[in-house]
Amino acid sequence: MKLPIKISAMLLAIFSIASCKNNLEETPFSSLSKEVVFKDEEGLNQATIGVYQAYTAPDFPDITARFVLTESGHRYATAGILGSGADPYYRFGHNATSGAFDAVWARFYKIIFRANTVIANATLAVPGEEEEANPYIAEARFLRAYAYFNLVRYFGGVPLILEEIKSLDDRDLIFAPRATDVQVYDAIIADLQFAEANLPDSRGGAELGRVSAGSAKAILGKVYLTMAGKPLNKTENYQKAADKLAELVGPVNEEKYDMELLTNFSDVFAFSNERNREIVLSFGYFINSSNPNGNILPFNLFPSGLVNGDEQTNYGMTYAFYQLFEKTDTRRDFTLVYRYAFQGSARAGTEPGDSIIYNPTIGNYVNKRTKASFAHDDFKYGIAYGKMAREPRPAGAAVQGYSSDLIEMRFSDVLLCLAEALNETGKTAQALPLVNRVRARAKATAYKTATVADLRAAIRKERRLELSGEFNTVFDIRRWGTLREEMNAMTNDQIVDNVLVPYTEKLEIYPIPQAQIDANPNLMQNQGW
């Protein structure tokens, strides 16, 4: 399954509280009442699409915030060409007032608010026809579960709001206290199980991009795998993860749920191939008058001149990460932009067509023609991230406006999650071929590991090579309990103008945004923050 269609900007009706906690002001979202919106199935359908749309709404900075919070806190993260837009997060210098936390919190609670409205009112649109309403409710519950899955991995236990907020009188919901991690995960599992039971196996045609039973199984398996690790350490969930993910793998299952591993790695991310069979979950970005900003990540991550000439590289990866890939590995030079031909207008002594090459000795890109450092030579910066559709932004779009979809989960992740779950339950012989299937596609050497410990290390490395930049890295490190090891492997020369913060236990989770603590008297801060 893949997600979602390039949908029109039909917003969910009634009012929206941007963050369920931020303030008590009503913000009109449209002039339509819910009685109008949920008067028939078409209205219910549009309201459900409104939940999808909340994942890609125009308040774009939180997309970069999500990337930074899941991809910058590890041994291979460093500054980009223009300095570190990932600061202070990549050096662990953040605190409860750092802006990224508010941004992602607000986004996910907006999604939860919309999903709750659909869930509460779906039967109004099809009175007496519960079976007609259930698929829409299932979609909303999936999207709510995915929002909570992100929140609990960022912040630990968060307010669990599972009912519609109808007015400002619903203070018990607006000022809900924190639930425990386990309570949040229990709600996630219940939502995904409902989605799995009430959605079609796969989608196609006009519905391509909406969630399915297949995508619910994939996320549910990943939820079980996450719960098996830290901080919950519910190791019995390794078997649950293995059982659930196995339902998606193998010729019969892959055909049933419309999933596969594409032949060429770069084809997965091509603009002309969005929502392909490898995409388990993605969110559609599009440029139009209501959403002029699109997906900001290419602008913030690509090296300047990769496609347009004015990209701003605010994040980098160390040369050591580049060296982890074998020379034959087709993922290496697509994930990281080691060299490229400059596009766009001439700037800083660089002409269109000039070859820009990363020089690991000096830690900068260099113009091959002029031999001059590109952009900066006053600090070392990393190799730019490039694992997205390398297409220019649409004509007339804002400078940061690209239309490429945001990929949240791929079938290769399903295979690696299943391999990990099998290995942790002692089924190493069954796990090894799954890892090698991913490596074979990348033209990398097959592993011949036989022990649980050796394959565990191989799987963890493989997740870096295959999935880096796809909202996994920090979450993986936390559930593996390897953050101290990651921080000990970092060096001060990858930290621009700041000292690396030493490991403390509080860094295993992010702080609840201070603005939310200030607004909600029932909300408690994470320990140490």
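We use all heavy atoms of the structure for the numbers below, so side chains are in, but hydrogens, waters and symmetry mates are not.
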**Student:** Decide salt bridge (charged side-chain N to carboxylate O under 4.0 Å, His left out) for R203 and E139; before the verdict, give the C-alpha distance in whole Å, the side-chain angles of both, and the deciding distance to 0.1 Å.
**Tutor:** CA-CA 12 Å; R203 302 275 195 173; E139 284 183 272; 3.7 Å; yes
**Student:** Can you tell me if E132 uses its side chain to pair, donor with acceptor, with the backbone of E129 under 3.5 Å?
**Tutor:** no
**Student:** Ignoring hydrogens and geometry, is there a side-chain-to-backbone donor-acceptor pair from R464 to T473 under 3.5 Å?
**Tutor:** no
**Student:** Would you please indicate yes or no on a ring centroid separation below 6.0 angstrom for Y109 and W105?
**Tutor:**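 Ring-ring flag for W105/Y109: true, centres closer than 6.0 Å.
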**Student:** Regarding N472 and K222, is there a side-chain donor-to-acceptor distance under 3.5 Å anywhere?
**Tutor:** yes
**Student:** Could you tell me whether a side-chain N or O of Q183 sits under 3.5 Å from a main-chain N or O of T180, the two making a donor and an acceptor?
**Tutor:**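 Checked: pair present.
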**Student:** Spell out, as yes or no, whether a donor-acceptor pair under 3.5 Å connects the side chain of R153 to the backbone of F149.
**Tutor:** yes
**Student:** Parallel, tilted or perpendicular: which fits the ring planes of Y510 and F101, with parallel below 30° and perpendicular above 60°?
**Tutor:** tilted
**Student:** Are Y185 and Y148 close enough that their ring centers fall under 6.0 Å?
**Tutor:**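 They do not qualify: ring centres at least 6.0 Å apart.
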**Student:** Judged by atom type as modelled, is there a donor-acceptor pair below 3.5 Å linking the side chain of S72 to the main-chain atoms of L69?
**Tutor:**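 No, the answer is negative, given that no donor and acceptor are paired below the 3.5 Å cut-off.
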**Student:** Using side chain to side chain donor-acceptor pair (under 3.5 Å) as the criterion, list what pairs up with E485, not counting sequence neighbours.
**Tutor:**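 Once residues adjacent in sequence are excluded, the partners of E485 under the side chain to side chain donor-acceptor pair (under 3.5 Å) criterion are R75.
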**Student:** Verify the distance criterion only: is there a donor paired with an acceptor across the side chains of Y90 and E71 at less than 3.5 Å?
**Tutor:** no
**Student:** Side chains of L192 and I189, heavy atoms from C-beta outward: is any pair under 4.5 Å?
**Tutor:** no
**Student:** So how far is it from L151 CG to I112 CD1, rounded to the nearest 0.5 Å?
**Tutor:** 5.0 Å
**Student:** Assess the side chains of Y146 and E408: does a donor N or O sit below 3.5 Å from an acceptor N or O?
**Tutor:** yes
**Student:** For the residue pair Y136 and F38, is the inter-centroid distance of their aromatic rings smaller than 6.0 Å?
**Tutor:**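 Aromatic pair excluded; centres sit 6.0 Å or further apart.
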**Student:** Side chains of Q239 and K427: do they bring a donor and an acceptor to under 3.5 Å?
**Tutor:** yes
**Student:** For the rings on Y52 and F283, is their centre-to-centre separation under 6.0 Å?
**Tutor:**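 Ring centroids of Y52 and F283 are no less than 6.0 Å from each other.
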**Student:** Taking ring-ring contact (aromatic ring centres under 6.0 Å, His included) as the definition, give me every residue that meets it alongside Y76, ordered by chain and number, with sequence neighbours left out.
**Tutor:** F321
**Student:** Is the closest side-chain donor-acceptor distance between N423 and R456 under 3.5 Å?
**Tutor:**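 Result is no, nothing qualifies.
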**Student:** Supply the atom-to-atom distance I477 CD1 to H74 NE2, rounded to the nearest 0.5 angstrom.
**Tutor:**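 Interatomic distance, I477 CD1 to H74 NE2, rounded to 0.5 Å: 6.0 Å.
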**Student:** Under 3.5 Å, is there a donor-acceptor pair between the side chain of D102 and the main chain of G99?
**Tutor:**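 Judged by distance alone, no pair lies under 3.5 Å.
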**Student:** Hey, does the side chain of T425 reach the backbone of L422 with a donor-acceptor pair shorter than 3.5 angstrom?
**Tutor:** yes
**Student:** So, taking the atom named NZ in K217 and the one named NZ in K244, what distance separates them when rounded to the nearest 0.5 Å?
**Tutor:**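 Between atom NZ of K217 and atom NZ of K244 there are 4.0 Å.
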**Student:** Determine the interplanar angle of the F67 and Y315 rings, folded into 0 to 90°, and report it as parallel if under 30°, tilted if 30 to 60°, perpendicular if over 60°.
**Tutor:** perpendicular
**Student:** Enumerate the salt bridge (Lys or Arg N to Asp or Glu O under 4.0 Å) contacts for residues 465-483, please, sequence neighbours excluded, ordered by first and then second residue.
**Tutor:**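 Pairs touching residues 465-483 that pass the test: R331-E466, K387-E470, R410-E466, R410-E470, E420-R479, R441-E466, R463-D476, D476-R479.
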**Student:** If you look at every heavy atom in F471 and F475, which pair is closest and at what distance?
**Tutor:**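 Scanning both residues completely, I find the closest heavy atoms to be O-CD1, 3.7 Å.
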**Student:** Can you confirm whether the side chains of R178 and N526 place a donor and an acceptor under 3.5 Å from each other?
**Tutor:** yes
**Student:** Under a 4.0 Å threshold between the charged nitrogen and the carboxylate oxygen, would R66 count as salt-bridged to D62?
**Tutor:** no
**Student:** Please check: side-chain N/O of T78 versus main-chain N/O of Q494, any donor-acceptor pairing under 3.5 Å?
**Tutor:** yes
**Student:** Any chance the rings of F142 and F194 have centres within less than 6.0 Å?
**Tutor:**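 No: the rings miss the under 6.0 Å criterion.
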**Student:** Out of curiosity, D169 CG to I174 CD1, how far, rounded to the nearest 0.5 Å?
**Tutor:**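 D169 CG to I174 CD1: 8.0 Å, rounded to 0.5 Å.
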**Student:** Is a side-chain N or O of N276 found less than 3.5 angstrom from the main chain of E278, in a donor-acceptor match?
**Tutor:** yes
**Student:** Which residue, E508, R484, E486, forms the side chain to side chain donor-acceptor pair (under 3.5 Å) with Y503?
**Tutor:**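 The side chain to side chain donor-acceptor pair (under 3.5 Å) with Y503 is passed solely by E508 among E508, R484, E486.
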**Student:** Distance from E130 atom CD to N198 atom CG, nearest 0.5 Å?
**Tutor:** 9.0 Å
**Student:** Cation-pi between R439 and Y447: NZ/CZ under 6.0 Å from ring centre and within 45° of the ring axis?
**Tutor:**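 Pair R439/Y447 counts as cation-pi.
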**Student:** Are the side chain of S98 and the backbone N or O of A100 linked by a donor-acceptor pair below 3.5 Å?
**Tutor:** no
**Student:** Could you check whether E163 and N116, counting side-chain N and O atoms only, form a donor-acceptor pair closer than 3.5 Å?
**Tutor:** no
